[in-house]
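Data first, discussion second: the structure below is written as structure tokens.
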Amino acid sequence: MPLLYISKDYGETWEGPIAHDLPLAETKIYAGTLSDGRDYLVGNIYPGRTRLALYLTKPGEREFSEGYMLADGISEKFGYGQMWHYPVADEADGKLYIIHTASIKNPLRGAVISVVPLK
């Protein structure tokens with residue numbers, strides 16, 4: 001089972017390890033805490049970097065209990081996206097804005113913003 005370490009000060013200090021069974025794979029992970037006390041994690045799930053997901057805890061808890069698929073293979077809307085990776089996120093106006101890279105055709109890449117309502 002993988003171990004997860006959490007930093008709430010941009011890597012200056014770390015909490016953990018926390019064991020988790022999230023199916024993360026070959027990923028660049030971005031994590032943080034929302035204003036309502038929930039922790040979130042954005043990362044790739046199996047296989048490889050073709051799928052990008054968001055996981056959430058309940059306020060004040062450490063177990064991720066909700067998950068949402070942000071990108072899964074080739075996007076019908078964009079017509080590309082064999083890989084989705086390098087996520088970053090920011091909370092504003094009751095939403096979580098997640099910006100991540102989309103591989104279009106090596107070495108061409110683009111960026112996508114996923115807007116997730118937090119209510």
*Check step by step if side chain to side chain contact (heavy atoms under 4.5 Å, CB included) holds for Ile29 and Val42.*
CA-CA 6 Å; Ile29 295 172; Val42 182; over 6 Å; no
Would you compute the distance between atom [atom1] of [X] and atom [atom2] of [Y] and round it to the nearest 0.5 angstrom?
X: Arg51; Y: Ile45; atom1: CZ; atom2: CD1; result: 4.0 Å
X: Ile99; Y: Asp90; atom1: CD1; atom2: CG; result: 8.0 Å
X: Thr33; Y: Glu91; atom1: OG1; atom2: CD; result: 10.0 Å
X: Tyr68; Y: Leu54; atom1: OH; atom2: CG; result: 7.5 Å
X: Ile113; Y: Lys95; atom1: CD1; atom2: NZ; result: 12.5 Å
X: Leu118; Y: Leu56; atom1: CG; atom2: CG; result: 7.5 Å

*asked:* I'd like to know if Leu41 and Tyr86 are part of one continuous hydrophobic network [Ile/Leu/Val/Met/Phe/Trp/Tyr, side-chain heavy atoms within less than 4.5 Å].
replied: no
*Shared ILVMFWY cluster between Leu70 and Val112, side chains joined below 4.5 angstrom?*
yes
*Starting from the C-alpha separation in whole Å, work towards a yes-or-no answer on side-chain hydrogen bond (donor to acceptor under 3.5 Å, both in side chains) for Glu63 and Thr57.*
CA-CA 6 Å; Glu63 183 175 328; Thr57 67; over 6 Å; no
*Are Val116 and Ile98 close enough that some pair of their side-chain heavy atoms sits under 4.5 Å apart?*
yes
_Close side-chain approach of Asn44 to His85, heavy-atom, < 4.5 Å_ = yes
_Heavy-atom pair with the smallest gap, counting every atom of Ala71 and His100_ = CB-CE1, 4.5 Å
_Quick check: closest heavy atoms across Trp84 and Ala102, and the distance to 0.1 Å?_
CZ3-CB, 3.4 Å
*Checking side chain to side chain contact (heavy atoms under 4.5 Å, CB included) for the pair Tyr40/Leu96: CA distance, chi angles, key distance, verdict?*
CA-CA 10 Å; Tyr40 67 90; Leu96 186 63; 4.0 Å; yes
*Answer yes or no for Arg38 and Phe64: cation-pi contact, defined as NZ/CZ to six-membered ring centre under 6.0 Å and angle to ring axis within 45°.*
no
